[in-house]
There are 2 protein chains.
Amino acid sequence: MKKSKIIEKLKQDVAGQCACQKLRKATRIITRRYDEALKPIGIKGNQFTMLSVISLVDAVTLTELADKMGMERTTLIRNLKPLERDGLISISSEGFRRARSAEITDKGLNVLEEALPIWHQAQDSLRIELGANTWKIVHDGLEALGAVG
Amino acid sequence: MKKSKIIEKLKQDVAGQCACQKLRKATRIITRRYDEALKPIGIKGNQFTMLSVISLVDAVTLTELADKMGMERTTLIRNLKPLERDGLISISSEGFRRARSAEITDKGLNVLEEALPIWHQAQDSLRIELGANTWKIVHDGLEALGAVG
DNA sequence: TACGATATAGTGTATATACACATTATGAAG
DNA sequence: CTTCATAATGTGTATATACACTATATCGTA
């Protein structure tokens, strides 16, 4: 195919329409905001999420925890390392087979408590910036994407 | 604050409502789908995006290219490395000051051409899975997030 | 022409992500 | 009680992301 023809197709079909591209771009932009806000606490947005989920779910295997977060199991395991190193979580091996599970520590809970108002600020400022209607659209869309198999 | 009180706040305010969390989860899930689809071509979804954008924009500085993609400049520079190593793009230093710019090569264009129908399949299957209404909501939401400053 | 201001790119380090492959604990079947 | 299937975790390697800091090319001006 001629170069100009390929470019034309890209312009018509892909540009501004690729779901993967738009998702990744949005995630980069929004993650930077949450990371920036949480910097005084010493954790990043993703770590806030992991601490929060670990606090809320009952002790399950790391595999189940990864599933709940839509995160590849090996990604979760590696993401837990900095949290464990900093004493924010502890990982025990109490279950059956080789099962291990993560639990938040008192220190981790303190960090979460400090992070909560800052998270609220970041979340609120974004919601206000987008407006109520767009905010709902964003959440509905992400809910649907998060449920994709 | 008591532990139970913090958990309660997390459950009420954060769980299922954090935009950063939902975005990152959706991105992980959807990126895996596009990556999986493109595997026969030997590129990942993000690389397809970069090749596509590089093909479509006129030669600009790497800084401008990063801006267009909502990508941190240093991230872009590092993401270009595998593409350059594999001969899919070339980076020239033709501009003013230290300016450099990326251009797609013939090989890169061939890869894009092969990738196009596969990208269509991935995009279509996702659109069908979501349905037309949800698909529009998803794109409207992501468009708004991508425009956030 | 020398020199400082500025625009641009590049590097060090750390977290985030995931596939392919390897390891290991435990229960079941013989 | 040994072996084997299975469920679970762990490691090697590669890309993706970004902040802090560094390096350098060029322009304007003294």
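First the proteins, then the strands, lettered A, B, ... as listed; each starts at 1.
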Single-linkage hydrophobic cluster B/I30~B/I137, side-chain heavy atoms < 4.5 angstrom = no

Numerically ordered, the residues 75-86 of chain B set in heavy-atom contact under 4.0 Å with DNA chain C is B/I77, B/R78

Let me have the donor-acceptor pairs involving side chains of residues 65-85 of chain A, under 3.5 Å, with sequence neighbours excluded, atom names and distances please.
from	atom 1	to	atom 2	distance (Å)
A/E72	OE1	A/T74	N	3.0
A/E72	OE1	A/T74	OG1	2.7

B/Q47 and B/G42 have their tightest heavy-atom pair at OE1-O, 4.3 Å

Determine, for B/R32 against B/D35, whether the closest basic-nitrogen to carboxylate-oxygen distance falls under 4.0 angstrom.
-> no

In whole Å, what is the span from the CE atom of B/M69 to the C1' atom of D/dA18?
-> 15 Å

Would you call A/S125 and A/R33 a side-chain contact if the rule is heavy atoms closer than 4.5 Å?
-> yes

Nucleic acid contacts of residues 15-25 of chain A, taken as heavy-atom distances under 4.0 Å to DNA chain D = A/R24

Evaluation steps, side-chain contact (heavy atoms from CB on, under 4.5 Å), between B/N46 and B/Y34 | CA-CA 9 Å; B/N46 190 53; B/Y34 282 74; over 6 Å; no

Summarise protein proximity over nucleotides 3-8 of chain D in one line of letters, 5' to 3': B for base, S for sugar-phosphate only, - for none, counting protein heavy atoms closer than 4.0 Å.
-> ---BSB

Could you tabulate the donor-acceptor pairs under 3.5 Å formed by side-chain atoms of residues 5-18 of chain B, not counting sequence neighbours?
from	atom 1	to	atom 2	distance (Å)
B/D13	OD2	A/H120	NE2	3.1
B/Q17	NE2	B/Q12	O	2.8

Close side-chain approach of B/W135 and B/E129, heavy atoms under 4.5 Å = no

Can you tell me the distance, in whole Å, between the CD atom of B/E72 and the P atom of C/dG10?
-> 14 Å

Residue pair A/L112 / A/F48, side-chain heavy-atom distance below 4.5 Å = yes

Rounded to whole angstroms, how far apart are CZ on B/R28 and C1' on D/dA16?
-> 14 Å

Would you say A/T134's side chain and A/G131's backbone share a donor-acceptor pair under 3.5 angstrom?
-> no

Is A/I41 close to A/V111 at the side-chain level, that is, under 4.5 Å between some pair of heavy atoms?
-> yes

Specify the separation, in whole Å, of atom CG of A/N46 and atom C1' of C/dA18.
-> 14 Å

Taking atom C1' of C/dT15 as reference, at what distance in whole Å does atom CE of A/M71 sit?
-> 11 Å

Side-chain donor-acceptor contacts of residues 138-149 of chain A below 3.5 Å, not counting sequence neighbours, with atom names and distances?
from	atom 1	to	atom 2	distance (Å)
A/H139	ND1	B/K22	NZ	2.9
A/D140	OD1	A/K136	NZ	3.4
A/D140	OD2	A/K136	NZ	2.7
A/E143	OE1	B/K22	NZ	2.7

Nearest-nucleotide 5' precedence on DNA chain C, A/K44 against A/T74 | A/K44

What parts of residues 101-119 of chain B reach DNA chain C, counting only heavy atoms under 4.0 Å away?
-> none

Mind checking side-chain contact (heavy atoms from CB on, under 4.5 Å) for B/K107 and listing every partner two or more places apart, or none if nothing turns up?
-> B/L88, B/T105

Would you kindly give the CD-to-C1' distance between A/Q47 and D/dA18, to the nearest whole Å?
-> 13 Å

By side-chain hydrogen bond (donor to acceptor under 3.5 Å, both in side chains) - contacts of B/E113 (at least two apart) = none

Map B/M50 and A/V60 onto DNA chain D by nearest heavy atom, then report which one ends up closer to the 5' terminus.
-> A/V60

What residues, two or more places apart in sequence or in another chain, satisfy side-chain hydrogen bond (donor to acceptor under 3.5 Å, both in side chains) together with A/T49?
-> none

Pairs of donor and acceptor atoms involving the side chains of residues 55-62 of chain A, under 3.5 Å and at least two apart or interchain, shall be tabulated with distances.
from	atom 1	to	atom 2	distance (Å)
A/S55	OG	A/L51	O	2.7
A/T61	OG1	A/E64	N	3.1
A/T61	OG1	A/E64	OE2	3.4

Does any residue of residues 29-40 of chain B have a heavy atom under 4.0 Å from DNA chain D, and if so, which ones, in number order?
-> none

